[in-house]
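Structure record follows, encoded as C-alpha cells.
All of these numbers come straight from a predicted model, not from anything done at the bench. To find a chain, count down the sequence lines: A is the first, B the second, and so on, and within it residues start at 1. Worth knowing before you read on, the calculation uses all heavy atoms, side chains too, and leaves out hydrogens, waters and symmetry mates.
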Number of protein chains: 2
Amino acid sequence: MTTMLEVAKRAGVSKATVSRVLSGNGYVGEETRARVFRAIEESGYRPNLLARQLATRKSQTLGLVMTNTLYHGSYFSDLLSQAAQMTEACGRRLLLADGKHSAAQEREALQHLLDLRCDAIMIYPRFLSPDEMDAIIDEQRVPVMVLNRRLRKHPSHCIYSDQLSAARDAVVRLIELGHRDIAFVTGALDSPTGRDRLAGYQAALAQHGIPASQTRVREGKWTPACGAQAVASLLQDGVAFSALVASNDNMAIGALKQLHEAGIAVPEQVSVIGFDDIPTAPWVVPSLSSVRLPIREMIQETINKLIFMLEGGELGTPARFEGELIVRESVAAATSNSGTR
Amino acid sequence: MTTMLEVAKRAGVSKATVSRVLSGNGYVGEETRARVFRAIEESGYRPNLLARQLATRKSQTLGLVMTNTLYHGSYFSDLLSQAAQMTEACGRRLLLADGKHSAAQEREALQHLLDLRCDAIMIYPRFLSPDEMDAIIDEQRVPVMVLNRRLRKHPSHCIYSDQLSAARDAVVRLIELGHRDIAFVTGALDSPTGRDRLAGYQAALAQHGIPASQTRVREGKWTPACGAQAVASLLQDGVAFSALVASNDNMAIGALKQLHEAGIAVPEQVSVIGFDDIPTAPWVVPSLSSVRLPIREMIQETINKLIFMLEGGELGTPARFEGELIVRESVAAATSNSGTR
DNA sequence: TTGTATGCGTTATCAG
DNA sequence: CTGATAACGCATACAA
C-alpha cells in the first residue's frame with residue numbers, strides 16, 4: 001500500500017503539504033498542488049482512513065445496536081433502510097452491532113461501537129433497561145439516542161411511540177364496535193414492547209369495565225407459528241371470541257391461517273388486528289387490520305437529533321410518535337359478527 | 001479517555017506489559033497481570049480500537065456494498081439479517097455502504113470500504129459490470145465476493161443464482177399448463193436482474209415455439225404501482241392473457257390489485273406469478289405464486305468463502321444456486337382458465 | 001506558502 | 001518475564 005510519505009517524496013514536498021492538499025485545510029501553492037495531485041494519480045495513492053480517524057478522533061460512522069431477532073419483516077427493513085439512507089446523506093457509514101440474546105451481549109455491542117469511536121450511536125434496546133440507558137448516556141460523551149424506550153433522566157435522548165396506548169386504542173376501537181369477547185395473543189413477555197401491548201389490551205378492557213379474563217389471553221413469541229398455536233389453543237379450550245388482537249402481524253397471520261383451517265371466516269365471524277410488520281395494503285392481506293408505527297419518521301428524527309448534537313447543539317424537547325391505527329372494512333361490528341360459538 | 005499509558009503508570013509497568021496482558025500474547029507474571037487488571041478496573045480503561053486497527057492493519061469488519069433501492073421487502077431483510085448474523089458469528093461487525101444511483105457512487109462506496117481496511121468485502125452490484133468487478137478483484141488484495149453476478153475471470157469469487165433460467169422455468173411451467181397468452185411485466189431494465197428475467201421469459205416462449213409478442217410485455221420499475229399500471233395498460237390495449245408473470249412480487253401485488261378492480265378473478269381467469277420479495281405462505285397472498293431465490297443460503301456461502309480466504313485459503317469451485325419455484329394451486333391450467341377476453 | 005516536529009493509542013521487535 | 005523504542009499513517013501547531 002502506498003502511503004502519504006511516498007506521494008510526498010514523489011512530488012518533492014513534505015507529508016504536511018500532501019495532507020493539506022487532501023484535506024483542503026491551509027494554503028497550498030497552485031503549482032505545488034498540481035504536482036501533488038499528479039503524484040497521487042501516478043502512485044494510485046489511497047488515504048488510510050484508520051490513520052486519519054486515529055489522528056482526528058472522528059470515525060465518520062454512525063453505530064446502530066439492535067437485536068438480530070428484530071431483523072424480520074418490513075418494520076426492520078424500513079428502520080434499516082431509513083437509517084442507512086440518512087447516514088449516507090450526512091456523509092457517514094452505518095455500523096451494525098448485534099445485541100444478541102442477553103443484556104450482557106447488548107452492553108458489549110454498545111461498548112464495541114464506543115470503542116470504535118463511532119461519532120454517534122443509536123440503540124434499539126431489547127434487554128437493557130431505560131435506567132441503564134440513562135446511566136450510559138450520563139457517562140458517555142458521544143451522542144446517544146435510544147429508540148422505542150422512554151427515558152426518565154434524559155427524556156430528550158429517546159424517540160418512542162406509546163406502544164401501550166396504541167394497543168389500547170386498537171382494542172377500544174373493537175369495544176366501540178360492540179365487541180366484548182376479545183382474545184389477545186401476547187408477544188414475548190421479556191420484551192418491553194410485548195408487555196406494553198398486553199398492558200394496553202388490559203387497560204382498554206378496564207377502561208370499559210370489561211373483566212379481563214386470563215382465559216382469552218395466550219402467550220406468543222412473535223412468530224406465525226405462535227399465532228396459529230394460540231388460536232388452536234383458544235378453540236380447543238372452547239373460548240368464545242368475536243375479535244382477536246395479536247401483538248404483531250406475523251402472529252396475526254398465523255392466527256388467520258389457523259382460523260381458516262378451523263372454517264372460521266374473517267372478518268365475518270372474527271375480526272383480527274395485528275401490529276407493524278406486514279405491509280397492510282388491503283389487497284395484500286385483505287382480512288387483516290393493523291396498527292402501524294411510524295418507524296421511518298422515528299429514525300429520521302433520531303438521526304436529526306444526533307447530527308444536531310454532533311454540531312454542538314443541546315437537546316430540548318422529547319419526541320413521541322403515536323401509532324397509526326389502520327382499520328379497514330375488514331374489522332366488522334360485533335353485532336354482525338357471530339364469533340366462534 | 002484514559003489510555004493504555006495511564007493504566008501502565010498506575011500499575012507501575014510499561015505500556016508493553018499492559019498490551020501483553022490484554023492481547024494474551026507473550027508471558028506476563030501472575031502478580032503483574034493481577035496489578036494490571038486492577039489498574040484497568042480502577043481507571044475504567046477501554047482500548048481504542050482505531051489505534052489497534054492501525055497497528056495491526058486489521059479492522060475486524062466486513063463491508064457490504066448495496067444499493068439502497070434494494071432495501072425493500074423480505075428479500076433485503078433476509079439478506080441483511082443473515083449477513084449481520086454471520087458477521088457477528090465470526091467476531092466482526094458489518095459495515096454498510098450505499099451504492100446509490102450510479103456506477104461512480106457504487107465505486108466510491110466500495111473504495112470507501114477498502115480505505116477503511118475492511119477485512120473482506122461483499123458487493124451486490126447494481127451498476128458496476130462483471131468485468132469491472134473482475135478488474136477490482138484483480139487489483140485488490142482483500143477478499144472480495146460478488147453477489148448475484150457471474151464473473152468471467154474470477155468465477156469462484158461470485159455467488160449467483162441463475163435468474164434467467166429461474167424465470168424461464170416459471171414460464172415453462174405455465175406453458176406446460178396449457179397457457180399461450182402470457183403477459184410479462186419487466187423490472188427496471190437498467191438492472192441485470194431485470195434484464196435476465198425478461199430474457200428468461202423470452203427464452204421460454206422461444207423454446208416452445210410461441211411467438212414473442214411485444215404487446216404482451218410492459219416495462220415496470222419494481223414498485224406495486226408499476227404492476228397496477230402495467231395491467232391497466234394491457235387491459236386498455238385489449239391484450240388478451242390467461243397468465244401474467246411480474247418480475248417481482250411487489251409488482252405482482254400491484255397487478256393483483258388492478259385485476260381485482262377490473263373484476264378479473266385470480267387465478268380462475270388469470271394466473272399470476274411473481275418473484276422474491278413477499279413471504280409466499282399461501283395464507284398471506286392466497287392468489288399469488290412466486291419464485292423464491294435462496295438468498296440466505298447465498299449469503300451464508302459468500303461469508304464462508306470470505307472467511308476461508310481470510311484464513312489463507314485459495315478459492316476453488318464456483319457456486320451457483322438455483323431459484324426455487326414455489327407454485328401453488330393458485331396457478332390454474334389454461335384449459336380451466338378463461339383469460340381476460 | 002511550505003517544512004519540522006509532535007501527537008493519536010496501539011502493537012511488535014529487541015534487548016536485557 | 002519486562003521495558004525501551006520503533007513502527008502504523010495521518011493531522012496539525014508552530015516555525016521558517
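Atom OH of B:Tyr27 and atom C1' of C:dT13 are 17 Å apart (whole Å). Atom CE in A:Met1 sits roughly 16 Å away from atom C1' in D:dC10 (whole-Å rounding). Regarding B:Arg57, its CZ atom lies at a distance of 15 Å from the C1' atom of C:dG9, rounded to whole Å. The CZ-P distance, from A:Arg52 to C:dG9, rounds to 18 Å in whole Å. As a whole-Å value, the separation of A:Leu5 CG from D:dG9 C1' is 10 Å. With rounding to whole Å, B:Leu50 atom CG is found 13 Å from C:dT11 atom P. To the nearest angstrom, C1' of D:dC10 lies 14 Å from CD of A:Glu6. Between the CG atom of A:Leu54 and the C1' atom of C:dT11 there is a distance of 12 Å, rounded to whole Å.
Across C:dT10, D:dC8, D:dC10, the shortest atom-to-atom separation from the side chain of A:Tyr45 is found for D:dC10. Side-chain proximity of A:Lys15 to the nucleotides D:dT2, D:dC10, C:dT11 is greatest for D:dC10. With D:dG9, D:dT12, C:dT2 as the candidates, the nucleotide lying closest to the side chain of A:Thr32 is C:dT2. Nearest nucleotide to the A:Arg20 side chain, out of D:dC14, D:dG3, C:dA12: D:dC14.
Within 4.0 Å (heavy atoms only), A:Ser14 reaches at least one base atom of the nucleic acid.
Put simply, the side chain of A:Arg46 and the base of D:dG9 share no donor and acceptor less than 3.5 Å apart.
Using a distance-only test at 3.5 Å, with no hydrogens or angles considered, a donor-acceptor pair links the side chain of A:Gln105 to the main chain of A:His101.
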